[in-house]
Amino acid sequence: MLQFLIRRLTGAVVIMFLIGAFTFFLFYTVPQDFAALSCGKNCSPENLAVIRENLGLDKPITTQFWEFMTGIVAGRDFPQGHCSAPCLGVSFGSGEFVWDSIIDRFPLTLSLTVGGLVIFLILGLGSGLLAAWKRGTATDKIVSGASIVLSSFQIYLLGPIFLGLLVYSSGIMEFPKYHNFTDNPGTWALGLLIPWVVMATIFTAQYTRMSRSTMIEQLQEEHVRTARAKGMRQRYVFFRYAWRGSLIPIVTILGMDLSSLLSGAVVTEFTFDLAGIGRLAVDSSLTKDLPVTMGVMLFGAFFILLLNILVDLVYAYIDPRVRLS
């Protein structure tokens with residue numbers, strides 16, 4: 001296990017370096033004067049020269065790349081002050097350090113992801129197991145039919161419907177708003193409840209169908225039939241043998257879904273006017289704030305790599321037949 005972790009972490013470092021290099025040269029080799037973008041309209045030549053020097057754009061491209069990569073590991077010095085590692089540069093628009101902007105937005109995106117994840121896993125896996133347990137009955141048909149219908153909806157459609165019913169028409173709930181979890185967990189949960197329910201509604205349908213199909217497939221495996229032949233109780237065989245094996249494909253999809261949500265829930269944040277990482281990425285793209293866009297891309301890539309490693313570790317725990325060699 002230790003050797004596996006070392007190999008994966010080493011590979012992740014190499015991949016992150018390649019992504020950083022590709023991202024840097026992709027943005028910084030385009031024919032665009034970034035100093036002019038940062039300076040804005042009616043910028044004098046004197047101010048333009050000062051900004052170009054402060055941003056390091058007067059240096060050779062190789063020097064800029066070296067400072068960018070070493071800044072991620074060791075930090076950098078800017079006219080605004082020292083940027084501690086991991087330093088992803090300075091925003092053209094706000095003049096703030098990119099890492100600080102991302103960290104300020106991260107708790108909201110993390111809260112959206114974790115809350116929605118808990119709800120749709122409980123509902124999705126639970127309803128899928130129920131449908132598999134009651135296979136062929138009316139319960140199975142109702143659950144399967146509902147999952148097909150719900151899977152056709154999208155966040156940008158369900159979001160306004162929930163807002164119209166729960167906020168604007170009835171006034172049962174307030175418009176979604178992020179509150180710090182440490183200040184008041186109840187207010188934090190209530191402020192994000194509508195986005196959680198909308199996300200859970202869509203993802204629950206996907207995980208219901210998947211958990212049902214994988215569970216039915218596992219019930220046909222030889223080790224499950226052998227357990228039944230030995231006289232074990234149906235409930236024990238269902239949860240002890242079949243359910244555990246059915247989680248492997250679900251973990252795979254969950255890893256991809258979770259990484260994409262963490263790297264920026266763009267649609268959800270725009271639908272409910274929440275200022276998370278997804279909103280930050282879109283705003284920086286519209287304003288051509290390239291350091292922020294690069295920072296968000298690297299931040300998202302980091303979480304995708306991290307979650308892929310965690311998924312492989314979960315494999316070994318769920319199914320001992322999986323060998324991390």
Under the side-chain contact (heavy atoms from CB on, under 4.5 Å) criterion, do Met199 and Thr268 qualify, and how do the steps go?
CA-CA 8 Å; Met199 293 171 60; Thr268 304; 3.9 Å; yes

Which is it for Ile253 and Gln206 under the side-chain contact (heavy atoms from CB on, under 4.5 Å) test, yes or no, and what are the steps along the way?
CA-CA 10 Å; Ile253 301 300; Gln206 174 185 353; 3.2 Å; yes

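Ring pair Phe299/Trp99 is perpendicular by interplanar angle, where above 60° counts as perpendicular and below 30° as parallel. Between Trp196 and Trp188, the ring-plane angle classifies as perpendicular under the 30° and 60° cut-offs.
From Thr187, atom OG1 reaches atom OH of Tyr178 across 12.0 Å, with rounding to the nearest 0.5 Å. Rounding to the nearest 0.5 Å places CD of Glu96 at 12.0 Å from CD1 of Ile102. With values rounded to the nearest 0.5 angstrom, Leu123 atom CG is found 12.0 Å from Leu130 atom CG. Atom CE in Met297 sits 8.0 Å away from atom CD1 in Ile19 (nearest 0.5 Å). Taken from CG in Leu9 to CG in Leu305, the straight-line distance is 10.5 Å, to the nearest 0.5 Å. Separating the OG1 atom in Thr23 from the CE atom in Met16 is a distance of 8.5 Å, to the nearest 0.5 Å.
Leu129 and Ile148 are members of different hydrophobic clusters when ILVMFWY side chains are connected at heavy-atom separations under 4.5 Å.
In this structure the side chain of Ile250 reaches within 4.5 angstrom of the side chain of Ser211, judged on heavy atoms. Looking only at side-chain heavy atoms (C-beta outward), Phe120 and Leu125 stay at 4.5 Å or farther from each other. Side-chain contact between Leu88 and Val292 is absent, with no heavy-atom pair separated by less than 4.5 Å. Counting only heavy atoms from C-beta outward, the side chains of Leu121 and Leu254 approach each other to under 4.5 Å.
Salt-bridge annotation for Asp140 and Arg212: present, with a side-chain N of the basic residue lying under 4.0 Å from a carboxylate O of the acidic one.
One N or O on the side chain of Glu269 and one on the backbone of Arg279 form a donor-acceptor pair closer than 3.5 Å. No donor-acceptor pair closer than 3.5 Å links the side chain of Thr208 to the backbone N or O of Ser147. A distance-only check finds no donor-acceptor pair linking the side chain of Ser91 to the backbone of Val98 [under 3.5 Å]. Under the 3.5 Å distance criterion, the side-chain polar atoms of Ser169 are matched with a main-chain donor or acceptor of Gly164.
The aromatic ring centres of Phe272 and Tyr156 sit 6.0 Å or more apart.
Dense packing is recorded around CZ of Arg225, with more than 12 heavy atoms of other residues, nucleotides or ligands lying under 6.0 Å away.
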